Protein chains: 2
Amino acid sequence: MASECKVETALEILVGKWKPIILFHLFSKGTMRFSELQKTLPDITKKMLTAQLRELEYHDIVHRKVYLQVPPKVEYSITEYAKGMLPVLDAMNTWGTAHVQHLNELYGENREVEPFVSNVDGLAEGM
Amino acid sequence: MASECKVETALEILVGKWKPIILFHLFSKGTMRFSELQKTLPDITKKMLTAQLRELEYHDIVHRKVYLQVPPKVEYSITEYAKGMLPVLDAMNTWGTAHVQHLNELYGENREVEPFVSNVDGLAEGM
DNA sequence: TTCTATGGTATCTTTTTGGATACTATGTTT
DNA sequence: AAACATAGTATCCAAAAAGATACCATAGAA
């Protein structure tokens, strides 16, 4: 039938200033509290964190579990469905890593490549 | 060593309102003139088309060949290097296609999923 | 009684991205 | 002589995304 390019659909899930790194941590830990995510990502505002998590929730990538207690407790976890994304994320990460190298070869090392996650030990296998 | 997530690096190449579709057409045809891209993508402005192509050129994804003649002729083509992205694009496209289906199951068909490329015959293999 | 912790929301401002429009250069065609 | 074709630039404006800041509810601790 008609060939339709759904690259953009995949991008929907990933685009957003904080989504990749949120996913990275959630895939790593499986489940995290809202406050835990905040501490892990000190520069994100609550507004953005909430917004990005809600979008991920809409896409069935993360699950939001509310504990009815005070003070509130809300846990975000990677869904089973989301695990189907891992090959995609892995392909992107692998290619991205090689591409950083390629750019360095083309333009030299001094083009500020910021490693946005570093030293998260033992979490390399997923991404 | 330190595990660094380069998903964002891959996203750099893809993010931009028109980049996926530009890539789609360039991967399909291999080489296209500026005006040919304009005709294929009637809603893009010259400014945006130029900007996106220049970013792709910076990343060594497309090559810009200028013919010194009047009126000007400029051809944009996919680089050999860019072909290394195809597995990534393919993974994204495959996952994206399945995800549209998943969203339909979750929320029903009526959530305006716009097929942004349709009926480009015989071009399915690359993406 | 006041403060703390938690997971938000509401509002406003700034930054980034994208779009509209006009302009340019110049050899060829009419 | 004027119009056309091509591949842009330049300038200005609108819209979208992100950030800053303040506010809320409430049980329990100090």
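Just so it is clear, the model here is predicted, and its values are computed rather than measured. Chain identifiers are assigned alphabetically (A, B, ...) following the order of the sequence lines, protein sequences preceding nucleic acid strands; residue numbering begins at 1 within each chain. In what follows, every heavy atom counts, from backbone to side chain, and hydrogens, waters and symmetry copies are set aside.
The NZ atom of K39(A) sits 8 Å away from the P atom of dG7(C) (whole-angstrom rounding). When the P atom of dT6(C) is taken as reference, atom CG of L49(A) falls 14 Å away, rounded to whole Å. For the pair I44(B) CD1 and dA20(C) P, the computed distance is 11 Å after rounding to whole Å. Per the geometry, CG belonging to D43(B) stands 13 Å off C1' belonging to dA20(C), to the nearest Å. In this entry the distance linking CD of E75(A) with P of dG8(C) reads 12 Å, nearest Å. Distance E55(A) CD to dA17(D) P: 8 Å, rounded to the nearest Å. The NZ atom of K47(B) sits 10 Å away from the C1' atom of dA10(D) (whole-angstrom rounding). Going from atom CD1 of I21(B) over to atom P of dG18(C) covers 15 Å, rounded to whole Å.
Within the nucleic acid shown, K73(A) comes within 4.0 Å of sugar-phosphate atoms alone, with no base atom in reach, counting heavy atoms only. Among the protein residues, Y76(B) comes within range of the sugar-phosphate backbone only, with heavy atoms under 4.0 Å from sugar or phosphate atoms but none that close to a base. Counting any heavy atom pair closer than 4.0 Å across all strands shown, K46(A) reaches a base atom.
Counting only heavy atoms from C-beta on, V74(B) has its side chain closest to dA7(D) among dA7(D), dT6(C), dG18(C). In this structure, the nucleotide among dG8(C), dT11(D), dG19(D) sitting nearest to the side chain of M48(A) is dG19(D). For P71(A), the listed nucleotide lying nearest its side chain is dT6(C); candidates were dG19(D), dT6(C), dG8(C). Side chain of W18(A), nearest nucleotide from dA7(D), dG8(C), dG19(D): dG19(D).
The closest donor-acceptor contact from the side chain of K29(A) to the backbone of H25(A) lies at 3.5 Å or more, if one exists at all.
Taking 4.0 angstrom as the limit, R33(B) places none of its side-chain polar atoms (N or O) nearer than this to OP1 or OP2 of dA5(D). Listed pair R64(A) / dG7(C) fails the phosphate criterion, with no side-chain N or O lying under 4.0 Å from OP1 or OP2. Regarding contacts with the backbone of dA7(D), a side-chain N or O of S35(B) is found under 4.0 angstrom from either OP1 or OP2.
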Tell me, with the steps shown, if E36(B) and K39(B) meet salt bridge (Lys or Arg N to Asp or Glu O under 4.0 Å).
CA-CA 5 Å; E36(B) 201 180 348; K39(B) 278 163 205 154; over 6 Å; no
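The number of heavy atoms from other shown groups lying within 6.0 Å of CD (Q69(B)) is above 12.
DNA chain C is contacted by both V70(A) and T50(A); V70(A) maps to the nucleotide lying nearer its 5′ end (nearest heavy atom per residue).
Considering CD of E55(A) and OG1 of T50(A), their distance stands at 11.5 Å, rounded to 0.5 Å.
Between Y81(A) and H102(B), the two ring planes are parallel [angle under 30°; tilted spans 30° to 60°].
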